[in-house]
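Below, chains carry the letters A, B, ... as their sequence lines are ordered, and counting in each starts from 1.
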2 protein chains.
Amino acid sequence: MSDLRRPDARPLYAQVEAILNERIVSGAWTSGQALPAEPELAHELGVSPGTLRRALSGLERRHLIERRQGRGTYVARHTSRAALGQFFRVRTLDGRPADPESFITRVTTGPATEEEAARLALPPGAEVYRVDRSRRLDGAPRIAERISLPAALFPGLNLPIAPDQLGAEIYVHYQSAHGITVVRSEEVLSAAAATEEDAAVLGIPLGTPMLVIERVTFDAARRPVEMRVSRLDTRAHRYAVELT
Amino acid sequence: MSDLRRPDARPLYAQVEAILNERIVSGAWTSGQALPAEPELAHELGVSPGTLRRALSGLERRHLIERRQGRGTYVARHTSRAALGQFFRVRTLDGRPADPESFITRVTTGPATEEEAARLALPPGAEVYRVDRSRRLDGAPRIAERISLPAALFPGLNLPIAPDQLGAEIYVHYQSAHGITVVRSEEVLSAAAATEEDAAVLGIPLGTPMLVIERVTFDAARRPVEMRVSRLDTRAHRYAVELT
DNA sequence: CAGTGGTCTAGACCACTCG
DNA sequence: GAGTGGTCTAGACCACTGA
């Protein structure tokens with residue numbers, strides 16, 4: 001067991017958090033697995049229970065673990081309700097979460113565009129998969145979406161095409177089939193007129209104002225692992241943000 | 001000093017946080033004032049230093065206080081750079097924070113509309129002030145904005161009209177002139193075509209796709225204190241969100 | 001150098017879960 | 001009832017700030 005003493009400038013709890021983070025990222029602890037009890041883990045790492053707990057709180061805040069009183073601490077699965085809604089900000093006009101259903105319309109492969117290479121931190125010409133989806137909200141088609149993935153991170157891209165096997169839960173698939181745990185996304189929003197493709201996919205008039213959402217998602221190792229562009233018809237839905 | 005023992009189900013640190021929150025909301029501790037040192041405050045409240053620190057961390061997370069090692073803990077002023085950027089999500093295309101400049105074009109008074117009454121939790125017909133602003137980003141007019149305020153919370157609405165006295169820092173004015181400390185906002189975003197008013201105010205073609213941002217802001221007592229609708233021309237700017 | 005917040009420790013007790 | 005995480009305490013020591 002490594003010694004954690006001083007030369008490293010970071011506080012001890014931050015070093016402990018990084019060590020535990022690495023165990024999850026590397027797969028030493030896998031999704032759903034129970035961590036050792038806190039006193040045991042604290043002893044193994046050579047820190048006090050209080051310091052260990054502070055490190056665990058950091059992992060919990062980033063949704064890498066889940067703690068349940070009386071039961072134990074578990075590596076987070078991306079299947080809980082909280083995790084499902086974590087990155088989906090679309091609401092109905094009265095504020096309820098929209099119920100999304102996804103249909104994959106096309107999967108293609110090719111060299112990364114300049115923008116894909118920049119956003120995904122890929123070398124020029126690296127191969128990417130592109131997944132086009134049409135998404136229904138509360139029954140009607142509302143979102144046209146393209147997801148770009150580095151081929152190197154998703155060997156074989158074993159994507160089921162049937163919507164009921166994938167649905168909105170593509171990040172669950174990343175974790176279970178490719179071992180990639182997403183923890184953070186950056187989104188930039190703008191407005192644009194519906195293109196001919198939007199009009200065809202969503203059955204709306206050409207030029208309808210659309211909300212364009214460009215997202216880059218990062219995993220626990222801070223690598224960009226996905227880029228997506230979603231075009232949302234906001235005539236019956238909204239994108240909700242809370243600022244604190 | 002009140003006793004904090006058991007019957008109350010909330011954890012002690014949460015009760016302490018609520019007590020300190022109330023001292024700030026009520027004005028007993030005013031903006032910029034130094035709090036007593038931690039050991040002293042812990043003794044006054046009859047809790048251990050650790051419990052007090054946990055309560056202070058909650059207040060810090062909500063930006064109600066600022067802690068500076070070696071100096072002390074202070075009731076937050078809404079003047080620090082962090083506070084200024086806290087609620088302003090607009091960025092340039094390359095991701096840098098946009099530099100906003102505001103021009104008040106009109107201030108009016110009248111009974112609340114149905115929507116204003118609902119969002120601001122006002123009785124029907126309550127009086128509201130409405131402030132219309134045109135906002136320039138990096139030199140060009142990009143945002144048309146209307147702010148609605150409950151007249152009861154802003155007696156006299158002593159708003160300076162000169163842009164250099166108000167600027168983007170309207171929440172600083174709320175705090176210094178009306179004693180209202182904002183801590184949280186909810187925003188919903190949609191896309192819409194530029195109206196004739198948008199076109200006139202911003203000098204853009206009718207029908208240009210606009211990003212519409214509807215915001216309701218709450219103070220530390222959880223009252224809604226402001227509603228605003230901002231219409232942003234996204235041809236040169238974006239709205240940025242981070243999801244964790 | 002006195003005073004402040006930040007870190008770290010060690011342990012008691014409580015609340016919850018499940019067999 | 002055994003085992004878990006959640007709360008709370010008491011105090012030592014460190015790092016930083018400003019007079």
Note to self: What is the separation between atom CZ on B:Arg54 and atom C1' on C:dG6, rounded to the nearest whole Å?
What the structure shows: 17 Å

Next item on the list: Rounded off to whole Å, could you give me the CG-to-P distance for the B:Leu35 and C:dG5 pair?
Entry: 8 Å

Item checked: Nearest-neighbour nucleotide for the B:Val47 side chain, C:dT7, D:dT9, D:dT7 considered -> D:dT9

Check: Please give, in whole Å, the distance from C:dT9 C1' to A:Tyr13 OH?
Finding: 16 Å

Note to self: How many whole angstroms separate atom CG of B:Leu52 from atom C1' of D:dG11?
What the structure shows: 15 Å

Checklist line | Among D:dT9, C:dG5, D:dT4, the one nearest B:Arg53 by side-chain distance | finding: C:dG5

Notebook entry, point to check: Do the side-chain N or O atoms of B:Thr51 get closer than 4.0 angstrom to the phosphate oxygens (OP1, OP2) of D:dT9?
Noted result: yes

Check: Could you give the CG-to-P distance, from B:Leu59 to C:dG5, as a whole number of Å?
Finding: 14 Å

Check: Considering all heavy atoms of both residues, which atom of A:Tyr13 and which atom of A:Ala55 are nearest to each other, and what is their separation?
Finding: O-CB, 3.5 Å

Margin query: If you compare all heavy atoms of A:Arg89 against all heavy atoms of B:Leu243, which two are closest, and at what distance to 0.1 Å?
Written below: CD-CD2, 3.6 Å

Item checked: Shortest side-chain distance from A:Gln69, nucleotide among D:dT9, D:dC16, D:dG6 -> D:dG6

Margin query: Just the rounded figure in Å: distance from C1' of D:dT9 to CD of B:Glu38.
Written below: 15 Å

Note to self: Reading DNA chain D from 5' onward, which residue's closest nucleotide shows up sooner: A:Arg67 or A:Gly70?
What the structure shows: A:Gly70

Next item on the list: Round to a whole Å and report the spacing from CG of B:Leu12 to P of C:dC14.
Entry: 14 Å

Notebook entry, point to check: Atom CZ of A:Arg71 to atom C1' of D:dG3: distance rounded to whole Å?
Noted result: 13 Å

Note to self: Any side-chain N or O of B:Thr73 below 4.0 angstrom from OP1/OP2 of C:dG5?
What the structure shows: yes

Notebook entry, point to check: Does a donor on one side chain and an acceptor on the other come within less than 3.5 Å for B:Tyr239 and B:Glu187?
Noted result: yes

Next item on the list: Just jot down the side chain to side chain donor-acceptor pair (under 3.5 Å) partners of A:Arg23, sequence neighbours excluded, or say none.
Entry: A:Glu44

Next item on the list: With sequence neighbours excluded, tell me which residues meet side chain to side chain contact (heavy atoms under 4.5 Å, CB included) with A:Arg119.
Entry: A:Glu115, A:Val216, A:Met227

Next item on the list: Assign B:Arg68 to base, sugar-phosphate, or nothing according to its heavy-atom contacts below 4.0 angstrom with the strands shown.
Entry: sugar-phosphate

